[in-house]
Engineer: 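If you scroll down you'll find the structure; I have some questions about it.
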Amino acid sequence: MSSLPRRVKSEAKALTPEDDELPSFLNSSSESEEEEEEWEPKSKIAKRPRLPKKNEAKTKKVAAPRPAVARKKVKKVAIKEELVSIFCNSQCLIWFLWQDVSLPIAPAEDNRMQLLQPKEDDVGTKAKTLNQKPEVPKKMESNSFQGKNIKSWESDEKPSTSVLVVGNQVKQEKSEEGFAFDEPPFKKIKSTTCPEGKPVKNLGGNKIKEEFEMNWDIVQALSEITNVEPWVCANLIRLFKEENTIPFIARYRKELINNLEADALREVQQALEELRTVAKKTHTMIQKLKKEGKLSGCLLTALLNCRTLEELDHVTAPYKTGSKGTKAQRAKQLGLEPAALSLLQNPMELNLFSYIRPNTKGLSTIQEVEAGVQHILADIFAKDKDTLDFIRKLCQQRYICIQSALAKVSSKSGNEKDIDKFQLYHEFSCSIKNIQHHQILAINRGENLKILTVKVNIPDGVKNEFCWWCVNERWRPKQFLKPEFMRILRNSVEDAYKRLIYPLLCREFRSKLTSDAEKESVMMFGRNLRQLLLTSPVRGRTLMGVDPGYRHGCKLAIISPTSQILHTDVVYLHSGQGFREAEKIKKLLLQYNCSTVVIGNGTACRETEAYFADLIMKKYFAPLDVVYCIVSEAGASIYSVSPEASKEMPDLDPNLRSAVSIARRVQDPLAELVKIEPKHIGVGMYQHDVSQTLLKATLDSVVEECVSFVGVDINICSEILLRHIAGLNANRAKNIIEWREKNGPFINREQLKEVKGLGPKSFQQCAGFIRFNQEYIKTFCRMTYPFLISDSSKKTELGSHTLLTKAGAQGKKKSKPTPCALQRPNPLDQTCIHPESYNIAMRFLSFIGGNANDIGKSDMQQKVNAVIQKEGLEGTAKRLNTTVHTLQLIIDGLTQPEGFDIRTDFDKPDFKRSIVCFEDLSVGAVLTGKVENATPFGVFVDIGVGKAGLIPVRNITEAKLSKVKKRRSLGLGPGERVEVKVLNVDIPRLRITLDLIRVL
């Protein structure tokens, strides 16, 4: 029985030469373990000894090239062996059926993810699995016995992508063979492996071979930077290497990442890219120096020890092209390096007078010789790793502060208005451990404008202790030093600190503070953007969008509940024609039964708001009960002249397009805001002072995350929205729309594989985020393929596992399915369940006695609750041989009502009927407002007076946040409704200070 699997594996190794492409941590197994055994229960493995290495030569022969005649013979023999094996397996299956042997629920097929839970009595065998070589993805023959006959009694699941560390267990996931049979090797999803056991205790399993090797381990370095467990970092490195997207990882690989949120994943990804950038630049510099003949052993070690770009710049500064050379280099060119080394190693034999050359500049006097030796020693000290580690550790224990002051030049000739903006920082001092991120960004901006001067103050005690340690500990000579040599050594240490090490520390501190501040600013921008994109949509209303203006009038646009443009117009409310225009507005509102007005917050917003509020208070629009809201119009004018807007609304004036965009931002904020470049939405802090590359990457990732988690209906969504789904891009989204226009609506997720350019990896990443409206699909099927849904029996069949015929038929050659197989709708396609887990979902439905056609109904909720209360979540997951996270996702998908939207938990726009003036505010007044923007120093709240008030961060405590916000860990973000109390009103400066009472 074991000959068939072993022979197939040997042929797979020979025909798939991917061993050379696998990382080194995968090839670390010994030769005796290269021949993999057929899976058997652990109890059997413990009882029998491991088979000796006896088929290795046979495997190598198969892999070696042979003449054509020999290959034909081998092929004939293989076919005969295959027929014999199939016959034997068929006899065994008949015996099983005859004996009525009960089989476990756990899947046994090769192409399924298996979670191997280590048993207590198998502790001794765990060490053997640590270095076990993974299975290489195999091409299964179309006439193979596996996947056809056994499929009727074996339970199977869709495959995942890799074998990764999961705490104290191994999660084994294999290649998605159902996606790309008989395709070129680059279309296969390669499998990787990781040793069993929690790698926090055994870091040897976390070794990952990078393209550019350094003296530090990338997993450990990444863990130290991000404060994430090493085994999670190792899994993330492999997941990112396999081109998995953040939304996919965050939702469908939770067990591999310890349930990290998307923000944490982005932070790890950015830190990983920074480390790889350092490694790449380091090796580029090594090759350059090697080519120029300047690379020494000490320099190579120093380069490979660099972890940041600042360290790399410090080490490579003297060797950059165009540099005139350092003082140490000029001294070495004069031949003083042996003298400097001799002073440290063998000072008794050193005679500096022998280096004097009267006619040579730099060697003409003993003072010049001593200065040259001193410069060489200072360079040695400043580039020594232990020395730099000591001074950095010393600085961590002392009070280091950053100081800013008003620049003398700016005080004389600067713009007085700009100088007043930085009044807080004219005489500013703060510890580098306590300074806030917004303060760093403000200081940097003032310095760039030449208004402020900034310096890092390191106390003299640090210098004194450092010099003593260098002279008496680290660089203490091996022999007795003469007084003049001891003076040179001390001067060298002081020179190294003052001229080289102190500036390096200042650069490092400033760079670290700036980098952290920029990252926090970008992350804050991302959090605000997410909160804005996930604002709850206002469904089922006809809306009037108003783009306010003075001279050119207010642009109006009325849109239907389905976002169709019903009417556009221009009214002049602020030019003495207000009463006449009111009649026109009333007529439009009554004609289209519109009772909601959306006003942009741009020019003339306050006047327009007062105009509508006055009419509403007079009940001018009766019998309509009209309400209005203010919405940000940031980016609307940019979008109105963009190619996307011209394509979407070709016959509309650009000024009227902005009114349409303003109305749609309330109706479906996500679908409208994704059309605008994220940085133009304007919910960030110091966005023009941070790295634009980092900002764009983060904001694009946040948009992708929001669109993916909300999900899109593949048959009605726009191309712009579709391109932001994980795994898709502009080209693939365009191909999907073209396929839909040519072939009609998609019936199920499997049809996505027919779209040009959408390979197995893209399908894996995007499939779980694409939804199908089942009522629409069934209506289409009745009209187009009535034979599929002709009676109740076939309706029931839609919810059974026969829907998964195409997905479950493993090992078949990829070919275009018949229309009948294509057009079967799958009820699971309307859920967040990934196709790779459909088989688990169907087994769970069978386990609870449910039907796929009852998804989202109360009966399904009751059945799920009954089973979970009886078996428990972990017990049920173990029974189905899956993880708790996967089971929870399946339960959510089955119990969520049809059309479920995660945005319903977020806040809706704040609709009003009246207005409050700035002069009406008084200290102690309690008001309701909406958060406009969030920053590290506080939150700006729109309370309806035309000027946002500030809630300082010290007034936002955990007790005041709702339980929902605590669970989300989002704090306060744009769009949230809050109740506040006025603490201070500064009318001349138009500043309002608020206190948070509670989150509504």
Engineer: Could you tell me the separation between the CD1 atom of I402 and the SG atom of C506, rounded to the nearest 0.5 Å?
Structural biologist: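 Answer rounded to 0.5 Å: 9.5 Å.
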Engineer: I'd like to know whether K393 forms a salt bridge (charged side-chain N to carboxylate O under 4.0 Å, His left out) with D389, so could you lay out the CA-CA distance, the side-chain angles of the two residues, the decisive distance to 0.1 Å, and finally the verdict.
Structural biologist: CA-CA 6 Å; K393 186 177 180 181; D389 288 344; over 6 Å; no
Engineer: Please determine, by modelled atom types, if Q329 and K332 share a side-chain donor-acceptor pair under 3.5 angstrom.
Structural biologist: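 No, no side-chain donor-acceptor contact under 3.5 Å.
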Engineer: With sequence neighbours excluded, what pairs up with A697 under the side-chain contact (heavy atoms from CB on, under 4.5 Å) test?
Structural biologist: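 side-chain contact (heavy atoms from CB on, under 4.5 Å) list for A697, sorted by chain: empty.
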Engineer: Who passes side-chain contact (heavy atoms from CB on, under 4.5 Å) against H885, sequence neighbours left out?
Structural biologist: K254, E255, N259, T883
Engineer: Does the side chain of L256 come within less than 4.5 Å of L236's, by heavy atoms?
Structural biologist: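 Contact flag for L236/L256 side chains = no.
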Engineer: How close do F240 and L265 get, heavy atom to heavy atom, and via which atoms?
Structural biologist: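 Smallest heavy-atom distance, with atoms named: CZ-O, 4.0 Å.
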Engineer: What I want to check is whether the side chains of E274 and S515 have a donor and an acceptor closer together than 3.5 Å.
Structural biologist: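 Not at all, the side chains of E274 and S515 share no donor-acceptor pair under 3.5 Å.
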Engineer: Look at R530 together with D263 and state whether they make a salt bridge at an N to O cut-off of under 4.0 Å.
Structural biologist: yes
Engineer: Salt bridge (charged side-chain N to carboxylate O under 4.0 Å, His left out) between R266 and E705: does it pass, once the steps are laid out?
Structural biologist: CA-CA 11 Å; R266 264 188 292 275; E705 170 200 339; 2.7 Å; yes
Engineer: List in chain and number order the residues that pass side-chain contact (heavy atoms from CB on, under 4.5 Å) with C306, two or more places apart in sequence or in another chain; answer none if no residue qualifies.
Structural biologist: E311, L312, V315
Engineer: Applying side chain to side chain donor-acceptor pair (under 3.5 Å) as the test, list every pair that has at least one member in residues 497-511; sequence neighbours left out.
Structural biologist: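 Listed by first then second residue: E310-S511, R392-E508, N444-R510, E447-R510, D495-R499.
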Engineer: To the nearest 0.5 Å, how far apart are SG in C395 and CD1 in I391?
Structural biologist: 4.5 Å
Engineer: With no hydrogens and no angle check, just 3.5 Å: does a side-chain donor-acceptor pair link T245 and Q765?
Structural biologist: yes
Engineer: Nearest 0.5 Å, please: how far is OG1 in T514 from NZ in K512?
Structural biologist: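 If we round to the nearest 0.5 Å, K512:NZ and T514:OG1 are 11.0 Å apart.
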Engineer: Can you list the residues that meet the side-chain contact (heavy atoms from CB on, under 4.5 Å) rule with Q345, with sequence neighbours excluded?
Structural biologist: none
Engineer: What's the spacing between N528 CG and L699 CG if we round to 0.5 Å?
Structural biologist: 10.5 Å
Engineer: Okay, side chain of T698, backbone of V522: is any donor-acceptor separation there less than 3.5 Å?
Structural biologist: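 Side chain of T698 to backbone of V522: no pair is present.
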Engineer: Quick one: are I225 and E267 in side-chain contact, heavy atoms under 4.5 Å?
Structural biologist: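 Result no, sub-4.5 Å side-chain heavy-atom pair not found.
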Engineer: Assess whether a salt bridge exists between E224 and R307, defined as any Lys/Arg side-chain N lying under 4.0 Å from an Asp/Glu carboxylate O.
Structural biologist: yes
Engineer: Quick one: CG on L300 to CG on L289, what's the gap to the nearest 0.5 Å?
Structural biologist: 9.5 Å
Engineer: Per the salt bridge (Lys or Arg N to Asp or Glu O under 4.0 Å) rule, what does the pair list look like for residues 275-284, sequence neighbours excluded?
Structural biologist: E210-R276
Engineer: Which pairs with one or both residues in residues 333-342 pass side chain to side chain donor-acceptor pair (under 3.5 Å), sequence neighbours excluded?
Structural biologist: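 Counting only pairs at least two positions apart or across chains, no side chain to side chain donor-acceptor pair (under 3.5 Å) contact touches residues 333-342.
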Engineer: Keeping the roles fixed (side chain from K433, backbone from Q396), state whether a donor-acceptor pair exists under 3.5 Å.
Structural biologist: yes
Engineer: Which pairs count as ring-ring contact (aromatic ring centres under 6.0 Å, His included) when at least one residue sits in residues 380-403, sequence neighbours excluded?
Structural biologist: F381-W475, F390-W469
Engineer: For R474 and D384, what are the C-alpha separation, side-chain angles and deciding distance, and is it a salt bridge (charged side-chain N to carboxylate O under 4.0 Å, His left out)?
Structural biologist: CA-CA 10 Å; R474 180 69 181 94; D384 179 66; 3.0 Å; yes
Engineer: Would you check if the side chain of H283 reaches a backbone N or O of V278 as a donor-acceptor pair within less than 3.5 Å?
Structural biologist: no
Engineer: Listing request: all ring-ring contact (aromatic ring centres under 6.0 Å, His included) pairs with a residue in residues 257-278, at least two apart in sequence or in separate chains.
Structural biologist: none
Engineer: Under the ring-ring contact (aromatic ring centres under 6.0 Å, His included) definition, can you give me all pairs with a residue in residues 442-464, not counting sequence neighbours?
Structural biologist: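 Listed by first then second residue: nothing to list.
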Engineer: For the residue pair F248 and Y252, does the interplanar ring angle fall in the parallel (under 30°), tilted (30 to 60°) or perpendicular (over 60°) class?
Structural biologist: tilted
Engineer: Can you pull the side chain to side chain donor-acceptor pair (under 3.5 Å) pairs that have at least one residue in residues 683-693, sequence neighbours excluded?
Structural biologist: R445-D689
Engineer: Could you pull out every donor-acceptor pair under 3.5 Å between side chains of residues 460-468 and any protein atom, sequence neighbours left out?
Structural biologist:
{"from": "N464", "atom 1": "ND2", "to": "D460", "atom 2": "O", "distance (Å)": "3.3"}
{"from": "E465", "atom 1": "OE1", "to": "R398", "atom 2": "NH2", "distance (Å)": "2.4"}

Engineer: Between atom CG of N305 and atom NZ of K383, what is the distance when rounded to the nearest 0.5 Å?
Structural biologist: 13.5 Å
